[in-house]
Amino acid sequence: MRTPFVAGNWKMNLDGARAAALVESIRSAATKTTAVEVGVFPPYPYLADVVRRCEGSSVRVGAQNCHAQNSGAFTGEVAAPMVKDVGATHVILGHSERRQFCGEDDAQVRAKLAAALAHGLVPIVCIGETLAERQAQRTLDVIRRQLDGALAGFSAAQLAPLVIAYEPVWAIGTGMNATPAQAVEVHRFIRASCAERFGAAFAAALRIQYGGSVKPENAAELLSEDEIDGALVGGASLDPRSFLSIVQAATV
Ligand code: PGA
């Protein structure tokens with residue numbers, strides 16, 4: 001059985017005081033359940049404080065990105081060992097906003113994945129098609145290309161900690177979520193592709209989150225699908241009540 005993983009991607013929101021208040025509410029409620037893994041992904045400046053506030057709890061803390069190199073002349077970037085050094089355990093890679101606004105491509109996602117795995121961070125690799133790609137019926141081609149690009153050259157053993165987030169770009173921040181049937185079709189395809197490449201046992205254990213306008217109103221129907229192993233939540237993760245109600249939906 002795969003334990004569902006509900007992760008809050010705070011993106012470039014909040015300030016120190018609001019980040020602290022948010023994590024305190026999540027921490028006290030989320031520690032009561034072991035049926036769901038809960039994680040938060042604050043902006044870099046608040047990462048160390050959020051890690052400290054989650055010590056002794058089951059809440060996972062991660063960064064929203066990392067660089068592929070360990071150190072060097074990369075002004076404005078943050079390396080995987082730095083993320084690890086402040087006590088974070090997870091990292092989101094290849095989010096569509098980074099692909100769209102920062103020009104990240106599959107090769108970069110692959111290089112970042114290598115860095116994250118080398119430093120013992122649990123990677124959440126995000127993949128998903130744009131609206132134009134879905135309308136042109138290219139969804140599964142895009143997913144295959146993104147998977148091939150990000151995962152090429154790794155062994156199943158190396159990728160054991162991997163989490164994949166299927167996030168259709170047209171569903172992110174738009175209020176328009178994928179239907180459970182749309183999400184399940186892509187999740188099955190991801191699992192089958194990973195089975196081909198890394199074997200049936202790897203694919204059976206792989207957690208695939210759905211992301212894109214997950215909110216309390218649609219969480220139950222999405223998360224009750226066996227194929228959907230949790231959620232990567234943006235907007236609704238900024239409000240503790242919404243986020244915890246999504247966590248609750250993953251426990252049933
Ligand atoms: P959203 O964002 O829940 O606000 O659509 C999801 C994400 O970008 O991970």
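Since this is a predicted model, take the numbers as computed values, not measurements. For ligands, and for the atoms within them, numbers begin at 1 and follow the listed sequence.
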Who's the nearest protein heavy-atom neighbour of [atom], and how far?
atom                   : answer
atom 3 (O) of ligand 1 : G234 N, 2.8 Å
atom 2 (O) of ligand 1 : K11 NZ, 3.3 Å
atom 9 (O) of ligand 1 : E167 OE2, 2.6 Å

Note, N177 side chain near L222 side chain (heavy atom, < 4.5 Å): yes

Heavy-atom side-chain proximity of V38 to F243 below 4.5 angstrom: yes

salt_bridge(D105, R99) N-O dist < 4.0 Å: no

Pairing of R2 and D226 as salt bridge, 4.0 angstrom limit: no

What atoms of ligand 1 come within less than 4.0 Å of a heavy atom belonging to [X]?
X    : answer
G173 : 1 (P), 4 (O), 5 (O)
N9   : 9 (O)
A171 : 5 (O)
G212 : 5 (O)

Six-ring centre of F202, R191 cation under 6.0 angstrom, axis tolerance 45°: no

For ligand 1, the portion of H95 having any non-hydrogen atom under 4.0 Å away: side chain

Structural part of I172 in contact with ligand 1, heavy atom criterion under 4.0 angstrom: both

Partners meeting side-chain hydrogen bond (donor to acceptor under 3.5 Å, both in side chains) with E104 (sequence neighbours left out): R98, K112

Parallel, tilted or perpendicular, as decided by the 30° and 60° cut-offs, for the rings of Y166 and H187: perpendicular

Ligand 1 to G235 polar contact by distance, N or O atoms, under 3.5 Å: yes

